[in-house]
Amino acid sequence: MTPEQRVTTLFKLLENGSNKQHIDGKMSQLDQALHVAQLVGKDGADPETLLAALFQDVGHVCPPPEGSAEVDDEDEDEDAKSTIDYRMRGANYLRQLGFPKKTCDLVESDVMGKRYVAALVSMYEEMISSASKELLKLQGGPLTSTEAQAFEKDPLFKEKVLLVNCNFAAKVTEDKPPALDTYRGLTTSMLYRQFIENQQRESQANMEYTKEEIDQLKKEYDLSDDDL
């Protein structure tokens, strides 16, 4: 599939999230993701982090890994929810589509950020829903002091904490977020950037695109050599 076709497929999956409630039950998974992406963008985050916010719940709606059975969210009990790693499923799906490592890693690593904020903010557990409290408990609860210090050395520490904070803020914001299609151009450009990077790593003999064609893609999607 071309990057445009991949984006269309991905966005259709995300639109399915408009029919699925977020764990807190206050809005749909898609609305939550759109609010978070809006807040992350206002914070000045880079495109990779913004897209991680937008795609954070894609694991709930993307196809299951080959050989595994599909699970209906409505039929899961709390224990089942704790054992199915939707973040990992979503991250792996995004990797298959060709998204940057940073975006995929941020989608996959939601848990540590939540546990860190829970340890840092004394009233955090009082401000989240009962479902979120139960999930936090199943995920290990707030980090210990030692664990928190280790997490602060994570190369993506700031981005992971930002995503957690924006997820919380999204629950109380009254702003109307941009529509999903607002991010189509950015998403397509990101996939082309990764595609070009992969092509440039291969030998000239095995390249599917000529240098002239790659230069044309750079021009069309406003990509400079500094972007690659």
- Task: Using side chain to side chain donor-acceptor pair (under 3.5 Å) as the criterion, point out the one residue from H35, Q32, K114 that pairs with N167.
- Result: Q32
- Common cluster, V7/L13, ILVMFWY with side-chain heavy-atom separation under 4.5 Å: yes
- Query: How far apart are the closest heavy atoms of A45 and L162, and which atoms are they?
  - Reply: CB-CD2, 4.0 Å
- Task: Is it possible for you to say whether L186 and V58 belong to one hydrophobic cluster, with membership spreading through side-chain heavy-atom contacts below 4.5 Å?
- Result: yes
- For E108, the option from R89, R87, K160, R95 that meets salt bridge (charged side-chain N to carboxylate O under 4.0 Å, His left out): R95
- Item | Atom of L34, atom of L54 and distance for their closest heavy-atom approach | CD2-CD1, 3.7 Å
- Please assess K102 against L156 for the test side chain to side chain contact (heavy atoms under 4.5 Å, CB included), listing each intermediate value before the final yes or no. CA-CA 8 Å; K102 181 175 182 178; L156 295 178; 3.7 Å; yes
- Transitive ILVMFWY side-chain link V107 to L180, under 4.5 Å: yes
- Note on the structure: Sorted by chain and residue number, the side chain to side chain donor-acceptor pair (under 3.5 Å) partners of E48 (sequence neighbours excluded) come out as R193
- Message: Checking L106 against T49 for the side chain to side chain contact (heavy atoms under 4.5 Å, CB included) test, could you report, in this order, the C-alpha distance in whole Å, the side-chain angles of both residues, the deciding distance, and whether it holds?
- Response: CA-CA 7 Å; L106 287 173; T49 303; 3.7 Å; yes
- Task: Compare every heavy atom of A91 with every heavy atom of C104, then report the nearest pair and how far apart it is.
- Result: O-CB, 3.4 Å
- Task: List for me each residue that meets ring-ring contact (aromatic ring centres under 6.0 Å, His included) alongside F157, sequence neighbours excluded, and say none if there are none.
- Result: Y116, F151
- The single option from T182, T188, D181 that satisfies side chain to side chain donor-acceptor pair (under 3.5 Å) with R184 is D181
- Task: Say whether L51 and F11 are linked into one hydrophobic cluster, either directly or through other cluster members, by side-chain heavy-atom distances under 4.5 angstrom.
- Result: yes
- Query: Just by distance, with hydrogens left out, do Y192 and E197 show a side-chain donor and acceptor under 3.5 Å apart?
  - Reply: no
- Query: V164 and G113: which non-hydrogen atoms are nearest, and at how many Å?
  - Reply: CG2-C, 3.4 Å
- Query: How many angstroms lie between atom CD of Q149 and atom CD of E147, to the nearest 0.5 angstrom?
  - Reply: 11.0 Å
- side chain to side chain donor-acceptor pair (under 3.5 Å) with Q96: which residues, sequence neighbours excluded? none
- Task: Take F99 and F55 through the ring-ring contact (aromatic ring centres under 6.0 Å, His included) test and state the conclusion after the steps.
- Result: CA-CA 11 Å; F99 280 93; F55 304 147; 5.2 Å; yes
- Task: Starting at CG of L94, measure out to NZ of K101 and round the result to the nearest 0.5 Å.
- Result: 13.5 Å
- Item | Joint cluster assignment, M112 & M88, ILVMFWY side-chain distance < 4.5 Å | no
- Query: Checking side chain to side chain contact (heavy atoms under 4.5 Å, CB included) for the pair V36/V40: CA distance, chi angles, key distance, verdict?
  - Reply: CA-CA 6 Å; V36 176; V40 167; 4.1 Å; yes
- Could you tell me which non-hydrogen atom of P47 sits nearest to which non-hydrogen atom of M190, and how far apart they are? CB-CE, 3.5 Å
- Do K176 and D31 sit within salt-bridge range, that is, some charged N less than 4.0 Å from a carboxylate O? no
- For P177 and Q38, the nearest pair of non-hydrogen atoms, with its separation, is CA-OE1, 3.6 Å
